[in-house]
Amino acid sequence: MKTVNDIRRDFLEFFRGKGHAVVPSSPLIPANDPTLLFTNAGMVQFKDVFLGAEKRSYTRAVSSQRCVRAGGKHNDLDQVGYTARHHTFFEMLGNFSFGDYFKKDAIIWAWELLTEVWKLPPERLLVTIYHTDDEAYDIWHKVVGLPAEKIIRIGDNKGAPFASDNFWQMADTGPCGPCTEIFYDHGPEIPGGPPGSPDEDGDRFIEIWNNVFMQFDRQVDGTLVPLPAPCVDTGMGLERIAAVLQHVHSNYEIDLFQHLIRAAAQITGAQDLHNKSLRVIADHIRACSFLIVDGVLPSNEGRGYVLRRIVRRAVRHIWKLGALQGEGAFWRMVAPLVEVMGEAYPELAAKRELVERALKAEEAAFAQTLDSGMQRLEGYLQAGGGRIDGEQLFQLHDTYGCPPDLIVDILREKGAALGDGALDDYERLMTEQRERARAAGKFASATTLPAELAAQLPPTHFLGYERHIEDDVEVVALLRDGRPVDAIAAGDDAVVFLDRTPFYAEGGGQVGDTGMLSTGALRFEVRDTQKFAGQFHGHVGRLVEGTLRRGERLHAAIDEARRAATVLNHSATHLLHAALRAVLGSHVVQKGSLVTPERLRFDFSHFQPVTGEQLEEIERRVNAEIRRNHAAEIHHMGMQEALEFGALALFGEKYGERVRVLRLGEASTELCGGTHVSRTGDIGLFKIVSESGVSAGVRRIEAVTGQHALDFVEAQERALEEAARLLGGHPSDVADRLRALLDRQKRLERELESLKAKAASGATSDLAASAVDVAGIKVVAARLEGFDAKALRDAMDRLKQQLGDVVVVLAGARDGKAALVAGVHGRAVQQVKAGELLAHVASQINGKGGGRPDMAQGGGDDGPALVQALAGVPAWVSAKIA
């Protein structure tokens, strides 16, 4: 039997033999492509090649691309584990042609691999084509020899032009075209009909290969613009073809998943290997692990939020199987995953420790969040008389991560229930949230060029490493409102493209240059420089004077002072990265950076706050490298050569076949296309301003360099001198004098608390004497001037001890507001609930509150309404008892 690893290898070697370059899988985070949440297909890394905006050294490629479909347009999360073929993570086998071969070769080679190499019975295969694609029909019928009844035409069956299963597009915009799909027939014993039939959703006929013929670039307005050269993009799910070749019906029965399912059963103690929860765990560990490997960590927004959802769904199924929480269990799945996928993806094994730590931390955080959700559920049940409504159900899910099925289980155990219509209201709120998320998930790119323009433009020649000023640069294109124009007038906002430029385009965390494009008759103020389609520098700004036409020759000058300050921070960022890895460990990976003239911001993977001592050591190391005054060495080499040279490749960056390596002494060697100092000594001084958490597992350091660092130190000195003046001493005495002041303050606070306690004791005696008897239960309701919440609780506890069977409501008035506490003790607990009593009082003073049956807290407004509300407490208690 061929294993998954065998099948992957067969595919790559088959197309290598057809002249294809074997290209490694790109990361799950699309590099410099804000139109996608995740890499969701094999062609994503070749998108700019299809558009004609990027050239490669090869015109044929083959890859096994790791993909995630769990957010945005492509989201299979809710179905994963419950169907035979849905996954959050999968591998897409693909062969690609960039203006080389087209439909005939793609179809013939697909058939050859399936029927001659892998020996699939031809009679088990049938195909679909786009309904107008007669060329594909003729190749299948006349060249391959497929009978006409095995070729099914699929039209626009989704309510819009080109909205067809056989017209493929990667996103709402971008490369697209007709496709032909190959299906495998599992046999008549499996329910389901052929594609295009009413029961096509059955499991008998399964799509295994999709040949997409890229012919168009879909624009924002829906129009289709022909691509410069027709291309081929094929995709075949590795898991699906493995199921066919291993003669099993479900993807979860293939060797890779069986290994993971057995591991999950061992970890959780599950006996039934067919349990759907084991499938969920086996699927989700792949998505979670590879997302973390590629730089995503759990958070509350964007990609990190999708990862958090996947992790927590897996953990829920682990708990559902009865596994104890303890130190967690999900992270233990990383080792068996490395066993089956580490050979194909060595980065998984290299970052195993990071993945395990991230998953362990998220599982622990989820357990803590779930505890908070259970406390909130108790409050809802008390306030709602044992029932919760749809909005509360939604809040428990959305805020505390407690899914409805878990809540229903807990309600059943407690003898409680959902309110009437609660599920309908919950579904409505969830739908509204999905719509908001879908709207937010429509990533839009402000740096996308129309395909016809990208195909015509030569890549911008960047001069800014050596020169800051350049004469006689040519305007090769103008964009206004996203459309190419021949000219712009004074006052127009536009993007100017030049044949060459000294302006650095934003990238690698470094902001784009600003400056001026000019002649004697015109001035274009460059407010930012952005990179379009990965290789065209767009000068974004406004024409201040004159008329600017395509073909014009200009003088280009960057803001040199701004650039000079920026490069100090960029080079310091590299030294900081090296120091962090030296002090904290090699698990530190850059998660993002911002380099401006004023400061630098560096986000990195680390699972606890950096201590003061560590920050001092990091700062000391960076300044030591600055003083050593290393020359900034620039090397140009191949990607593999650079990695062997010791260069670090940074998260979220896209690198070509030739890369630029920056080396700053022995400490730092990284791939970087940014601008830098000539020597580290130019940085002058490095000073950390702050260290903070960004999200779970991600920390942030902000720092300043050069004159900004000196200004920061001077400001700190002035603040210290002012503190010394206020304390009546010298800057060297500030710590001692402040410590003495704090000791005195603590002593005074203890004395104040003692006086408050005596006052409260006296007030309690007076309150006990004034208690009202209601059917043998003492009732105390009083307003106490100046009492805070703690003093109120202490007074209430003393009243409970003194009076036994008692109902207490106390209000502490201060600055127009009232803090409320309510308590019930003794046999009164049988008839009166503190939460209900407090809610009754609070509702009369524009307040709210809640708590346990024996104790509740809240607040509201002070005033006549409060006095009246407290006066009515005995009657309310009497009514409850009656």
Side-chain angles (χ1 to χ4, degrees), residues 53-55 447 449 453-480 483-508 510-571 595-597 632 634 636 656 658 660 662 672-679 682:
E54 180 184 350
K55 304 298 182 184
T447 56
L449 277 180
L453 180 59
Q456 298 169 5
L457 290 180
T460 307
H461 181 43
F462 177 56
L463 309 169
Y465 293 131
E466 298 85 19
R467 295 199 287 280
H468 296 168
I469 297 173
E470 182 71 4
D471 287 318
D472 202 36
V473 297
E474 181 184 355
V475 178
V476 295
L478 294 166
L479 280 187
R480 186 179 61 209
R483 295 289 184 183
V485 294
D486 291 327
I488 58 173
D492 284 349
D493 291 320
V495 183
V496 178
F497 294 90
L498 306 172
D499 62 337
R500 62 196 194 283
T501 183
F503 285 77
Y504 179 80
E506 179 180 330
Q510 180 177 332
V511 296
D513 279 334
T514 62
M516 191 69 69
L517 304 176
S518 62
T519 66
L522 65 84
R523 288 190 308 125
F524 183 87
E525 181 182 317
V526 180
R527 298 174 178 176
D528 191 13
T529 308
Q530 293 285 327
K531 190 171 289 186
F532 287 67
Q535 57 182 344
F536 308 110
H537 289 228
H539 305 77
V540 182
R542 174 173 292 181
L543 187 62
V544 180
E545 294 179 21
T547 300
L548 179 59
R549 295 179 175 84
R550 194 159 55 85
E552 192 96 45
R553 297 279 177 170
L554 302 175
H555 172 77
I558 71 169
D559 183 332
E560 293 190 68
R562 185 175 181 273
R563 164 78 81 81
T566 302
V567 299
L568 303 185
N569 286 325
H570 199 162
S571 297
V595 179
T596 72
I634 301 296
H636 296 272
R658 297 287 294 175
R660 183 172 184 263
L662 171 70
C672 186
T675 58
H676 289 275
V677 297
S678 298
R679 306 189 73 89
D682 298 344

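If you read the sequence from its start, that first residue is 1, and numbering goes on from there.
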Nearest-0.5 Å distance that lies between atom CE in M516 and atom CD1 in I469 = 12.5 Å
Do the side chains of I634 and H676 get nearer than 4.5 Å, heavy atoms only?
-> no
Scanning both residues in full, the closest heavy-atom pair of T460 with R500 reads CG2-CA, 4.3 Å
Does a side-chain heavy-atom distance below 4.5 Å link V496 with L478?
-> yes
Are D528 and Q530 close enough that some pair of their side-chain heavy atoms sits under 4.5 Å apart?
-> yes
At what distance, to the nearest 0.5 angstrom, does CD of E525 lie from CG of L543?
-> 10.5 Å
Any side-chain donor paired with an acceptor under 3.5 Å for S518 and H555?
-> no
Give every residue pair that meets the salt bridge (charged side-chain N to carboxylate O under 4.0 Å, His left out) criterion with at least one member in residues 454-467, sequence neighbours excluded.
-> R467-E470
Are any non-hydrogen side-chain atoms of L479 and F532 less than 4.5 angstrom apart?
-> yes
Looking only at atom types and distance, does a side-chain atom of D559 sit under 3.5 Å from a main-chain N or O of T514, one as donor and one as acceptor?
-> no
Are the side chain of N569 and the backbone N or O of T596 linked by a donor-acceptor pair below 3.5 Å?
-> yes
Heavy atoms only: give me the nearest A490-V544 pair and the separation to one decimal.
-> CB-O, 4.0 Å
Measure the OG1-NE2 distance between T501 and H539 for me, rounded to the nearest 0.5 Å.
-> 3.0 Å
Report yes if some heavy atom in the side chain of L554 is under 4.5 Å from a heavy atom in the side chain of V475; otherwise report no.
-> yes
Looking at T566 and P597, what are the two nearest heavy atoms and their distance?
-> OG1-CG, 3.3 Å
Please confirm whether the backbone N or O of F503 pairs with a side-chain atom of T529, one donor and one acceptor, at under 3.5 Å?
-> no
Mind checking whether L517 and L498 have side chains closer than 4.5 Å, heavy atoms only?
-> yes
Checking R563 side chain against G464 main chain: does a donor-acceptor pair fall under 3.5 Å?
-> yes
Heavy-atom check, side chain of Y465 versus side chain of R660, under 4.5 Å | yes
Atom pair NE2/OG1 of H570 and T675 - distance to nearest 0.5 Å | 7.5 Å
Residues E545, R523: salt bridge by 4.0 Å N-O rule | yes
Test item: R527 side-chain N/O and R542 main-chain N/O as donor-acceptor pair under 3.5 Å | no
Can you tell me if R553 uses its side chain to pair, donor with acceptor, with the backbone of D472 under 3.5 Å?
-> yes
Approximate separation, where rounding is to 0.5 Å, of E506 CD and H537 NE2 | 12.0 Å
Please identify each residue that fulfils side chain to side chain donor-acceptor pair (under 3.5 Å) with R562, with sequence neighbours left out.
-> none
Return the minimal non-hydrogen interatomic distance between R550 and A477, and the atom names on each side.
-> CD-CA, 3.9 Å
Interatomic distance, CG@L522 vs CD1@I488, rounded to 0.5 Å, equals 8.5 Å
